[in-house]
Amino acid sequence: MTQVTLSGLTKIFDEKSPPAVDQLDLEIESGKLTALLGPSGCGKTTTMKMIAGLLRPTSGDISFDGDSILSIPPEDRGAVMVFQNYLLFPYMTIAENIGFGLKMRKVDRKEIRTRVTDMLDLVQLPGFEDRKPRQLSGGQQQRIALARALIVQPNVLLLDEPLSNLDAHLRDEMRELIRRIQTEMGITTVFVTHDQEEAVVLADRIALLFDGRLQQFDVPDAFFESPQSVEIAKFFGGTNFIPGHYEGGEITTSIGRFRAPRSAVDGGDAVLSIRPEAVTLGAAGGNSVMGRIRSHVYVGRYARFRVTLGDIEVEAVTDPGQVKMFNDGDEVPVTFDSNKIWVIGPAAAHE
Amino acid sequence: MADTRIEPTAAGAGGVAPEDKERRFSWRITGRWVGITGLLAFLVAPIVPLFIWSISFRWFYPAILPTEYSARAWTEVITPHNDVLGVAWNTALIALVVTALSILLGVPAGRALGLYEFRGKRLVEWMILAPIIVPGLAVVLGIHVLFIRAGLSNSIPGVILVHLVPTLPYMTLVMSGVFANYDTDFELQARSLGASRWATQRLITLPAIFPGVVVGALFAFIISWSQYVLTLLIGGGQVQTLPLLLFGFVRSDPAIAGALSVVFILPAVIVLLLSSRYLSGDNAAVGGIGNI
């Protein structure tokens with residue numbers, strides 16, 4: 001159980017370009033599964049390599065349980081990284097691969113053998129000891145790579161895009177395996193991903209990074225219910241943003257005034273955001289305005305409408321049955337559920 | 001990997017389809033045979049007439065084989081007063097030291113050129129290639145003056161140093177090809193799993209680059225072993241090697257020259273045959289087509 005603290009962590013590869021990681025402060029909770037999420041090139045893997053000791057930070061500090069570990073070489077940190085492309089050593093058998101870390105720790109051969117067998121059971125590949133890495137499928141290699149990291153009982157487990165090279169059905173199995181092992185062993189785990197769905201499903205907490213800077217560090221549902229900026233909301237699939245003025249729990253926009261008790265700002269210029277699922281069509285009431293249906297798509301599990309409200313267009317995701325009730329061009333009342341409206345600071349203020 | 005279905009008890013090849021594996025297997029066999037046949041044709045066949053020369057006493061046109069045989073040439077080669085074996089040992093010693101130094105210098109240089117971008121990299125590449133492009137005689141005349149001043153001429157260390165001029169480019173080029181296809185993340189992975197710097201070099205890097213080192217070392221050994229001009233000029237006749245000895249006999253006594261040639265060629269052929277598996281098939285390292 002190890003708490004990892006990053007403070008002011010910065011990595012500059014090239015003086016001429018912006019930092020790959022910029023003044024990153026992060027408290028990674030002990031025994032929890034934390035996701036580093038962001039588009040490719042946002043500095044996630046760089047951050048992970050710095051925690052593992054494989055890259056030297058330009059400035060800032062990393063500490064495990066309060067003690068700085070910057071001067072400790074990677075082999076003594078107890079932070080084991082599993083690379084995206086598995087990197088099983090091609091000249092060794094599966095047993096030698098998994099036992100590698102123990103051999104480096106001078107554990108005796110008999111004990112290595114029993115622990116390798118236990119690990120193969122844990123990742124559900126019993127009897128694979130004598131195979132060579134190239135005889136294994138991608139999913140199997142991934143499990144072996146995981147076993148090879150877990151066998152040394154690391155303080156911190158670092159997984160770089162653990163699911164990205166797998167097919168969809170293998171991804172679910174692997175996700176469950178990671179979750180199960182992580183819960184059982186209680187290892188502080190950090191994983192890197194560019195897929196927000198993967199982060200939401202797997203992580204206890206998500207650190208969202210854009211361009212090497214931390215945007216928001218929160219539990220998964222917070223990114224849907226209370227994103228701190230328009231960009232964050234967009235990254236998590238938000239589509240409806242209406243600029244306006246916020247005051248006293250109400251936001252005034254070009255299409256009307258809406259009650260909005262939940263807000264990231266106290267007042268002033270702001271943006272009304274509402275997820276398409278929280279926009280309802282047809283029923284008039286509070287927080288309603290009239291709109292005109294511009295187009296619709298029937299997806300099966302749901303239907304997606306595009307509705308024009310004055311000079312603004314919003315998206316609504318509704319029950320699929322609603323495609324029969326409305327035609328394109330119909331005038332309909334559009335309701336924003338006031339508890340689902342989230343008021344964000346103006347987009348310009350963020351940059 | 002084409003087949004990613006998880007089968008904990010999958011029989012045989014796991015992810016690799018059987019016919020795929022067979023095809024690769026037969027390619028390896030074919031490659032090895034082409035390699036071995038080539039080696040025999042170009043390296044072993046020329047020794048045959050030399051060997052016949054060495055045991056002939058009379059051999060004139062139009063006879064296909066000598067009319068009279070004699071062991072005289074071989075007796076001359078073996079008798080101590082000609083010191084052929086001593087010279088052969090000397091030549092081997094020089095070639096081995098040259099090879100060792102080439103590995104020591106060429107592997108790190110090849111790594112730097114194959115893996116990293118740095119200022120002046122093109123220039124360094126040209127400098128390394130220069131000894132292959134510029135005629136050796138021109139280079140060695142300049143070096144000779146320097147070596148006389150440094151007291152290195154007419155000595156074995158001097159000969160070893162000058163042999164590095166043609167061997168290092170080959171070693172460096174082969175290694176830079178190997179490293180261009182090498183993923184340093186393997187080293188990082190080993191470090192992360194608890195391996196020290198030294199253990200990583202020994203257990204991860206060395207096995208991956210080994211075929212390349214063998215090929216480069218082979219070049220270095222053979223270039224040094226068969227060096228004539230550089231040894232003659234820098235050794236100044238004081239350092240005797242087989243090529244110098246051989247040259248002396250070519251005009252005066254073809255039978256002894258034949259016997260010496262056999263002695264001269266054999267080590268190279270043996271080394272080549274022993275390492276032929278690194279020149280063909282899966283482990284081919286020349287030109288950096290090795291797998292990692």
Side-chain angles (χ1 to χ4, degrees), chain A residues 49 52-55 73-92 96-97 100-106 120-121 123-128 131-143 145 148-149 151-152 154 158 160 165-167 169-170 173-174, chain B residues 1-18 20-25 28 116-119 178 181-213 278 282-283 285 290-292:
Chain A
K49 281 189 169 175
L54 304 174
L55 264 183
E75 62 266 33
D76 299 327
R77 280 195 188 184
V80 176
M81 177 156 168
V82 177
F83 285 72
Q84 186 175 3
N85 42 353
Y86 326 136
L87 299 177
L88 298 186
F89 304 133
Y91 303 94
M92 301 180 194
E96 286 165 342
N97 263 285
F100 185 82
L102 293 182
K103 191 176 160 198
M104 292 302 108
R105 285 163 178 75
K106 309 262 187 291
L120 282 172
D121 288 341
V123 297
Q124 295 155 358
L125 293 172
F128 270 57
R131 301 204 189 181
K132 283 293 183 85
R134 64 160 171 262
Q135 298 175 299
L136 269 55
S137 69
Q140 291 168 336
Q141 292 191 30
Q142 171 73 291
R143 284 155 185 249
R148 180 173 66 175
I151 201 167
V152 302
L158 304 162
D160 188 7
N165 285 354
L166 302 178
D167 292 348
H169 66 286
L170 279 177
E173 286 181 41
M174 195 65 202
Chain B
M1 208 54 68
D3 181 347
T4 42
R5 179 102 203 105
I6 296 242
E7 291 166 76
T9 52
V16 183
D20 198 34
K21 210 188 166 204
E22 238 162 60
R23 198 181 327 135
R24 207 183 302 161
F25 187 65
R28 192 189 321 179
Y116 309 116
E117 286 304 321
F118 51 88
R119 199 173 301 183
V178 169
N181 286 307
Y182 173 72
D183 186 353
T184 49
D185 277 353
F186 278 103
E187 293 174 5
L188 297 183
Q189 177 70 83
R191 292 297 299 279
S192 183
L193 287 166
S196 66
R197 226 175 257 275
W198 166 239
T200 305
Q201 295 286 311
R202 196 164 49 87
L203 298 172
I204 307 300
T205 316
L206 188 62
I209 65 166
F210 190 69
V213 175
Y278 297 111
D282 257 7
N283 283 321
N291 277 339
I292 304 175

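Side-chain atoms are counted along with the backbone in the values below, which use heavy atoms only and exclude waters and symmetry mates. A note on names: the letters A, B, ... follow the listed sequences, proteins ahead of strands, and every chain is numbered from 1.
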* Asked: What's the shortest heavy-atom distance between Met92(A) and Ile204(B), and which atoms?
  -> CE-CD1, 4.0 Å
* **Engaged part of Asp76(A) at the chain B interface, taking heavy atoms whose separation is under 4.5 Å** => neither
* Structure fact -> Interface check, chain A: of Ser196(B), Pro207(B), Ala190(B), Gly194(B), most non-hydrogen pairs under 4.5 Å belong to Gly194(B)
* **Rounded distance [0.5 Å steps], CZ in Arg191(B) versus CZ in Arg77(A)** => 10.0 Å
* **Top contributor to chain B interface from Gly101(A), Pro74(A), Pro154(A) [non-hydrogen pairs under 4.5 Å]** => Pro74(A)
* Proximity breakdown for Ala199(B) and chain A, heavy-atom pairs closer than 4.5 Å -> side chain
* Are more than 12 heavy atoms from other residues, nucleotides or ligands located less than 6.0 Å from atom CZ of Arg105(A)? -> yes
* Please step through side chain to side chain contact (heavy atoms under 4.5 Å, CB included) for the pair Phe89(A) and Leu203(B), ending with a clear verdict. => CA-CA 10 Å; Phe89(A) 304 133; Leu203(B) 298 172; over 6 Å; no
* Checking Leu120(A) against chain B: side chain, backbone, both or neither under 4.5 Å from a heavy atom? -> neither
* Hey, are the side chains of Asp185(B) and Lys49(A) touching, using non-hydrogen atoms and a 4.5 Å cut-off? -> yes
* **Where Val152(A) and Leu193(B) come nearest, the two heavy atoms and their spacing** => CG1-O, 4.3 Å
* Is Phe83(A) close to Leu188(B) at the side-chain level, that is, under 4.5 Å between some pair of heavy atoms? -> yes
* **Sub-4.5 Å side-chain heavy-atom contact between Glu75(A) and Thr200(B)** => no
* Asked: Tell me, side chain or backbone of Ala79(A) under 4.5 Å from chain B's heavy atoms, or both, or neither?
  -> backbone
* **Ser192(B): which of Val82(A), Leu158(A), Val80(A), Leu87(A) passes side chain to side chain contact (heavy atoms under 4.5 Å, CB included)** => Val80(A)
* Structure fact -> For Tyr86(A) and Gln189(B) the tightest heavy-atom approach is O-OE1, 4.0 Å
